[in-house]
Undergrad: 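Before I ask anything, here is the structure I am working with.
These numbers come from the heavy atoms of this one structure, side chains and all, not from hydrogens, waters or symmetry mates.
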Amino acid sequence: QVQLVESGGGSVQAGGSLRLSCVASGYTFSSDCMGWFRQAPGKEREGVATIYTGSRSTYYAGSVKGRFTISQDNAKNMVYLQMNSLKPEDTAMYYCAADTRMTRNRCSGGYFSNGEFNYWGQGTQVTVSS
């Protein structure tokens, strides 16, 4: 059974940094789409960044481009989200997600919907104060 477990959330001041981690168990990275999503209270869940594990091609939402970096460690079956220059509007629950069927073009081109990801973690809270 595939499980995703996130860690690394917390509270920081604006301008600070956090690194989120997601460990996948129950399967091994091959050519999958791994992503980080976030959901703030009263808002829809949005895709923040994705990485296609076969080619390490990445996608970033415009709101985080240049500040966040998604990466993977195949040996540990882990995906990371390095978040720098954090802003109060980055405050949200962050979720790790995986899809084993998505093509590289859809994954790293940003042409996906939340519902396409077949595995989700429980989330880790990120709070950024001004």
Undergrad: In Å and rounded to the nearest 0.5 Å, what is the OG to CG distance from S129 to L86?
TA: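 Output value for this atom pair is 10.5 Å.
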Undergrad: Determine yes or no for a side-chain-to-main-chain donor-acceptor pair under 3.5 angstrom, with S21 supplying the side chain and Y80 the backbone.
TA: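 Such a contact is absent between S21 side chain and Y80 backbone.
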Undergrad: Are F37 and W120 close enough that their ring centers fall under 6.0 Å?
TA: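 Yes - the distance between ring centres of F37 and W120 falls below the 6.0 Å cut-off.
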Undergrad: Indicate the atoms forming the closest heavy-atom contact of A92 with Q125, along with that distance.
TA: O-NE2, 3.4 Å
Undergrad: Enter the distance from I51:CD1 to R56:CZ here, rounded to the nearest 0.5 Å.
TA: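 If we round to the nearest 0.5 Å, I51:CD1 and R56:CZ are 6.5 Å apart.
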Undergrad: Any side-chain heavy-atom pair from F68 and N84 closer than 4.5 angstrom?
TA: no
Undergrad: Would you say D73's side chain and M78's backbone share a donor-acceptor pair under 3.5 angstrom?
TA: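 Not a single qualifying donor-acceptor pair exists.
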Undergrad: Sequence neighbours left out, what passes side chain to side chain donor-acceptor pair (under 3.5 Å) with S31? Give chain and number order.
TA: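 Not a single residue meets the side chain to side chain donor-acceptor pair (under 3.5 Å) criterion with S31.
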Undergrad: Could you report the tightest heavy-atom contact between L18 and V126, atom names first, then the distance?
TA: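 For L18 versus V126, the nearest heavy atoms are CD1-CG1, 3.9 Å.
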Undergrad: Residues in side chain to side chain donor-acceptor pair (under 3.5 Å) with E6, at least two apart?
TA: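 E6: no side chain to side chain donor-acceptor pair (under 3.5 Å) contacts found.
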Undergrad: Please find the pair of heavy atoms, one from Y119 and one from T100, that lie closest to each other, and give the distance.
TA: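 It is CE1-CG2, 4.2 Å.
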Undergrad: As an exercise, state the distance from CG of N77 to OG of S25, rounded to the nearest 0.5 Å.
TA: 8.5 Å
Undergrad: Just by distance, do the side chain of T127 and the backbone of T91 share a donor-acceptor pair under 3.5 Å?
TA: no
Undergrad: Output the distance between atom OG1 (T124) and atom CG (L81), rounded to the nearest 0.5 Å.
TA: 11.0 Å
Undergrad: Using atom types as modelled and distance alone, determine if a side-chain donor or acceptor of D32 lies under 3.5 Å from a backbone N or O of A98.
TA: no
Undergrad: Do you know the tightest heavy-atom contact between Y60 and K65?
TA: O-CE, 3.7 Å
Undergrad: Please indicate whether E46 has more than 12 foreign heavy atoms, meaning atoms of other residues, nucleotides or ligands, lying under 6.0 Å from its CD.
TA: yes
Undergrad: Measuring from L4:CG to M34:CE, what's the distance to the nearest 0.5 Å?
TA: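 Answer for the CG-CE pair, L4 versus M34, is 5.0 Å.
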Undergrad: Under 4.5 Å between side-chain heavy atoms, counting indirect links through other Ile/Leu/Val/Met/Phe/Trp/Tyr residues: same cluster for V64 and V128 or not?
TA: yes
Undergrad: Applying ring pair (Phe, Tyr, Trp, His ring centres under 6.0 Å), can you list everything that pairs with Y59, at least two apart in sequence or on another chain?
TA: F112
Undergrad: Could you grab the distance from atom CZ of F117 to atom OH of Y95, nearest 0.5 Å is fine?
TA: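 F117 CZ to Y95 OH: 15.0 Å, rounded to 0.5 Å.
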Undergrad: According to a 4.5 Å side-chain heavy-atom criterion applied to Ile, Leu, Val, Met, Phe, Trp and Tyr, with indirect links allowed, do V5 and Y94 form part of one hydrophobic cluster?
TA: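 No, V5 and Y94 fall in different hydrophobic clusters.
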Undergrad: With clusters built from Ile, Leu, Val, Met, Phe, Trp and Tyr whose side-chain heavy atoms come within less than 4.5 Å, directly or transitively, what are the remaining members of the cluster of Y52, listed by chain and number?
TA: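 Y52 clusters with nothing; isolated.
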Undergrad: Sub-3.5 Å donor-acceptor pair from the side chain of T53 to the main-chain atoms of S30, do we have one?
TA: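 Looks like yes, one N/O pair under 3.5 Å.
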Undergrad: Among pairs that include at least one residue of residues 86-99, which meet salt bridge (charged side-chain N to carboxylate O under 4.0 Å, His left out), considering only residues two or more places apart or in two chains?
TA: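 Salt bridge (charged side-chain N to carboxylate O under 4.0 Å, His left out) check on residues 86-99 returns R38-D90, R67-D90, D99-R101.
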Undergrad: Given the rule in the side-chain contact (heavy atoms from CB on, under 4.5 Å) test, do Y111 and N105 qualify, once you have shown the distances and angles that lead to the verdict?
TA: CA-CA 8 Å; Y111 306 117; N105 285 346; 5.6 Å; no
Undergrad: Show the nearest heavy-atom pair for residues C33 and T50, with the distance to one decimal.
TA: SG-CB, 4.1 Å
Undergrad: Might you point out which heavy atoms bring S85 and S17 nearest each other, and give the distance in Å?
TA: N-OG, 4.3 Å
Undergrad: Checking N114 against E116: is there a side-chain donor and acceptor pair closer than 3.5 Å?
TA: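 Their side chains do not contain a donor-acceptor pair, so the 3.5 Å distance test is not met.
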Undergrad: Looking at residues at least two apart in the chain, or sitting in another chain, which of them share a side chain to side chain donor-acceptor pair (under 3.5 Å) with N74?
TA: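 Counting only residues at least two positions away or on another chain, N74 forms a side chain to side chain donor-acceptor pair (under 3.5 Å) with Q72.
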